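Accompanying notes for the structure given below.
Please read all numbers here as calculations on a predicted model, not as lab measurements.
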Amino acid sequence: MITVPALPAGPALGAGWEVERESRRRHSADLLVAGDGVRVEVRLERCAAGRLRDSYPVSAHDVEVRVGDDCPRALLPGLLRVLADAVLRADTECRRVVHAVPAGDPAARTAAEAAGFRYVVDVDLGRQELGLLVTEPDWVTGTDIDLDRVPGA
């Protein structure tokens with residue numbers, strides 16, 4: 001069984017964005033984020049404790065970012081980017097920030113890709129099919145091309 005760490009306290013989103021309201025539970029946080037004159041509902045949830053727990057090989061520190069339908073499409077890439085950066089700064093053990101979009105919604109996928117997420121896989125959650133996009137810190141994606149060096153030696 002995976003022990004799922006609690007989410008860090010409310011993320012610091014940087015200039016132009018504020019977390020106005022926060023409701024926290026052990027493995028998720030509901031936020032009302034304000035920026036550019038818009039207020040958007042956001043949920044941050046540990047993947048291992050949330051709806052994605054059985055959909056891919058989750059890490060205990062993976063976090064799903066769910067942005068409400070009230071987010072204007074033009075603001076979505078910027079909001080996803082600042083949320084992903086805030087999560088990765090707050091939890092240095094986070095391997096993946098995941099954003100799920102409805103399968104077959106190319107505009108949602110394009111917005112996430114514009115924020116630096118990359119498409120990984122479609123998953124079936126029973127009632128809905130989602131495309132999972134992820135962004136990862138450099139320590140996860142970095143590759144040592146020195147094939148003659150043994151790591152840790």
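- By the 4.0 Å N-to-carboxylate-O rule, R66 lies too far from E41 to be salt-bridged with it.
- Listed here is the closest heavy atom pair of P137 and C94: CG-O, 3.4 Å.
- When the options L83, T135, L133, V98 are evaluated for a side chain to side chain contact (heavy atoms under 4.5 Å, CB included) with V65, the one that passes is L83.
- Using a 4.0 Å cut-off between charged nitrogen and carboxylate oxygen, R53 and D62 do not count as a salt-bridge pair.
- Note that the CZ atom of R95 and the NE2 atom of H61 stand 10.5 Å from one another [nearest 0.5 Å].
- Rounding to the nearest 0.5 Å gives a distance of 15.5 Å between NE2 of H99 and CZ of R118.
- Two residues are said to be in side-chain contact when any heavy atoms from C-beta on lie closer than 4.5 Å; Y56 and V120 fail this criterion.
- Two residues are said to be in side-chain contact when any heavy atoms from C-beta on lie closer than 4.5 Å; S59 and R96 meet this criterion.
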Evaluation steps, salt bridge (Lys or Arg N to Asp or Glu O under 4.0 Å), between R51 and E64
CA-CA 9 Å; R51 67 182 183 159; E64 180 185 8; 2.6 Å; yes
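- At a threshold of 4.5 Å between non-hydrogen side-chain atoms, the residues L132 and S55 count as touching.
- Here the side chains of L125 and L52 are in contact, with some heavy-atom distance below 4.5 Å.
- Distance check, rounded to the nearest 0.5 Å: CD of E129 to CG of D122 gives 5.0 Å.
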Using side-chain contact (heavy atoms from CB on, under 4.5 Å), reason through V87 and L44 one step at a time and then give a plain yes or no.
CA-CA 9 Å; V87 167; L44 302 177; 4.2 Å; yes
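- No side-chain heavy atom of L75 sits less than 4.5 Å from a side-chain heavy atom of V40.
- Residues Y119 and G131 approach most closely at CE1-CA, 4.2 Å, considering heavy atoms.
- Residues E45 and V63 are not in side-chain contact: their nearest non-hydrogen atoms beyond the backbone lie 4.5 Å or more apart.
- Pairs of residues two or more places apart, or lying in two chains, that qualify as side chain to side chain donor-acceptor pair (under 3.5 Å) and include a residue from residues 70-84 are R81-D85.
- Nearest approach of P77 to A115, heavy atoms of both residues: O-CB, 3.2 Å.
- Considering only heavy atoms from C-beta on, V67 stays 4.5 Å or farther from V33 through its side chain.
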